[in-house]
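Please read the structure below before turning to the comments.
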There are 2 protein chains.
Amino acid sequence: MLSKKTKYGIKALVHLARQKDRVPVQISTISKTENISQKFLESILLTLRKNGLLGSKKGKGGGYYLLKDPKEIPMTTVMRLLEGPIAMVPCVSLNFYEKCDDCLDEDACAVNKLMLKVRDNTLEIFRNTTLADLSN
Amino acid sequence: MLSKKTKYGIKALVHLARQKDRVPVQISTISKTENISQKFLESILLTLRKNGLLGSKKGKGGGYYLLKDPKEIPMTTVMRLLEGPIAMVPCVSLNFYEKCDDCLDEDACAVNKLMLKVRDNTLEIFRNTTLADLSN
DNA sequence: CTTTTACCCTATGGATTTAGTAGGATAATG
DNA sequence: CATTATCCTACTAAATCCATAGGGTAAAAG
């Protein structure tokens, strides 16, 4: 299940991508138009900024803005940042790999086999979908 | 993230599918060979039985056995039973649909659009993968 | 230089889910 | 009737989620 954090994060990014210029948008504006708790959104935008997706400006006329062209932001980046691993099990994760404790032979594991297929497909979708695609 | 419940459930089902005859296999046997906590596995097999996937036999020589041909058991069934919705958000779920509180227009929602694609792909994999496929 | 605006940061807490455990009831076999 | 093995309910420690609280800091306006 997708966390609200990720869901809100994507919505906020789309909101910013739809902005014509790079004019900063205030948290309160996004919060209201997207129906997101302002304080919660604040923490989400903060992590997006800390990870290089967003820039911010303080004081009057301040707010958040995208640092890159929406075309250059694939959903893999966003998902890994907010949601974590894309794979459903750590043993098939590219960026968050972990061995299973219970599983002796990974290659013989049915769950591994199945979830590898799912990951490959999901990954391809996220790779080929950019923020620009979602903003139209 | 896939729950251990689902993971263990799949492993147990594969174990039973690999059994030549329909001879009942005891919980303790599965528990040992698959490295699963016996009591936890007990509750998983119970729900699989209550939902028509497994049959059981009590007393000496008892245990669990598949009720159908592994070829006739698609992973959609198993996933929905143990894990719940296949979709990452309720608003794109076929069997567990729920409207979002924050989202006014579902068709205009970027998250909806993206997750619909993911669901379609994942669903097709689970539909086309049967227990028999995982047991080879 | 003071006030207002708006982001920055940490801590805390309620609700829910997860991954079991405990302990006995029930039914079948020999 | 003793043994075996499933059946069933209840409980719990730990983790995660979704916030909220409360102030701190920087920038701009006047």
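Owing to the predicted nature of the structure, the values given are computational and were not obtained by experimental measurement. Below, read A as the first sequence line, B as the second, and so on, with proteins coming before strands; counting in each chain starts at 1. Just so you know, these numbers use all the heavy atoms, side chains as well, and skip hydrogens, waters and symmetry mates.
Here the P atom of nucleotide D:dT16 and the CG atom of A:Leu82 are 17 Å apart, to the nearest Å. Separating the NZ atom of B:Lys4 from the P atom of C:dT21 is a distance of 12 Å, rounded to the nearest angstrom. Between the CZ atom of A:Phe40 and the P atom of D:dT16 there is a distance of 15 Å, given to the nearest Å. The CD1-P distance, from B:Ile44 to D:dC8, rounds to 16 Å in whole Å. Counting to the nearest Å, the P atom of D:dA27 and the OH atom of A:Tyr64 are 14 Å from each other. We find that CG of B:Asn35 is positioned 16 Å from P of C:dA19, with the value rounded to whole Å. Atom-to-atom, CE of B:Met1 to C1' of D:dA15 comes out at 13 Å; the value is rounded to the nearest Å. Spacing between atom CD1 of A:Ile27 and atom P of C:dC9 amounts to 12 Å, rounded to whole angstrom units.
Contact between the side-chain N/O atoms of A:Tyr8 and the OP1/OP2 oxygens of D:dC18 is not found at any separation under 4.0 Å. Distances shorter than 4.0 Å separate some side-chain N or O of B:Arg49 from OP1 or OP2 on D:dC8. Close to C:dC8, at under 4.0 Å from its OP1 or OP2, lies a side-chain N or O of A:Ser56.
Residue contacts for A:Leu45: at a heavy-atom cut-off of 4.0 Å it reaches no nucleic acid atom on any strand shown. Contacts of B:Lys39 with the nucleic acid, taken as non-hydrogen atoms under 4.0 Å apart, include base atoms. Within 4.0 Å of A:Lys50, counting heavy atoms only, lie sugar-phosphate atoms of the nucleic acid but no base atom.
Other members of the cluster containing A:Phe96 do not exist, because no ILVMFWY side chain is joined to it at under 4.5 Å.
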Identify every side-chain donor-acceptor pair in residues 62-86 of chain A under 3.5 Å, counting partners at least two apart or on other chains, and give the distances.
unit_1  : atom_1 : unit_2  : atom_2 : d
A:Asp69 : OD1    : A:Lys71 : N      : 2.9
A:Glu83 : OE1    : A:Ser3  : N      : 3.3
A:Glu83 : OE1    : A:Ser3  : OG     : 2.9
A:Glu83 : OE1    : A:Thr6  : OG1    : 2.3
A:Glu83 : OE2    : A:Ser3  : N      : 3.4

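Where A:Leu46 and B:Lys57 meet DNA chain C, the nucleotide closest to each residue was compared, and A:Leu46 sits on the side nearer the 5' end. Toward the 5′ end of DNA chain C lies the nearest nucleotide of B:Lys5, the other residue of the pair B:Lys5 and B:Gly61 mapping further downstream.
Of all nucleotides listed (D:dT20, D:dC18, D:dC7), D:dT20 comes nearest to the side chain of A:Ser37. Of the candidate nucleotides D:dC7, C:dA6, C:dC8, C:dC8 has the atom lying nearest to any side-chain atom of A:Lys58.
On a pure distance criterion of 3.5 Å, a polar donor-acceptor pair joins the side chain of B:Glu42 and the base of D:dC7.
Closest of all the heavy-atom pairs between B:Gly9 and B:Ile44 is CA-CG2, 3.8 Å.
The pair A:Asp102-B:Lys7 meets the salt-bridge criterion, with a side-chain N (NZ, NE, NH1 or NH2) lying under 4.0 Å from an Asp/Glu carboxylate O.
A single hydrophobic cluster is seen to contain both B:Ile125 and B:Leu94, as judged by linkage of ILVMFWY side chains at heavy-atom distances under 4.5 Å, directly or through other members.
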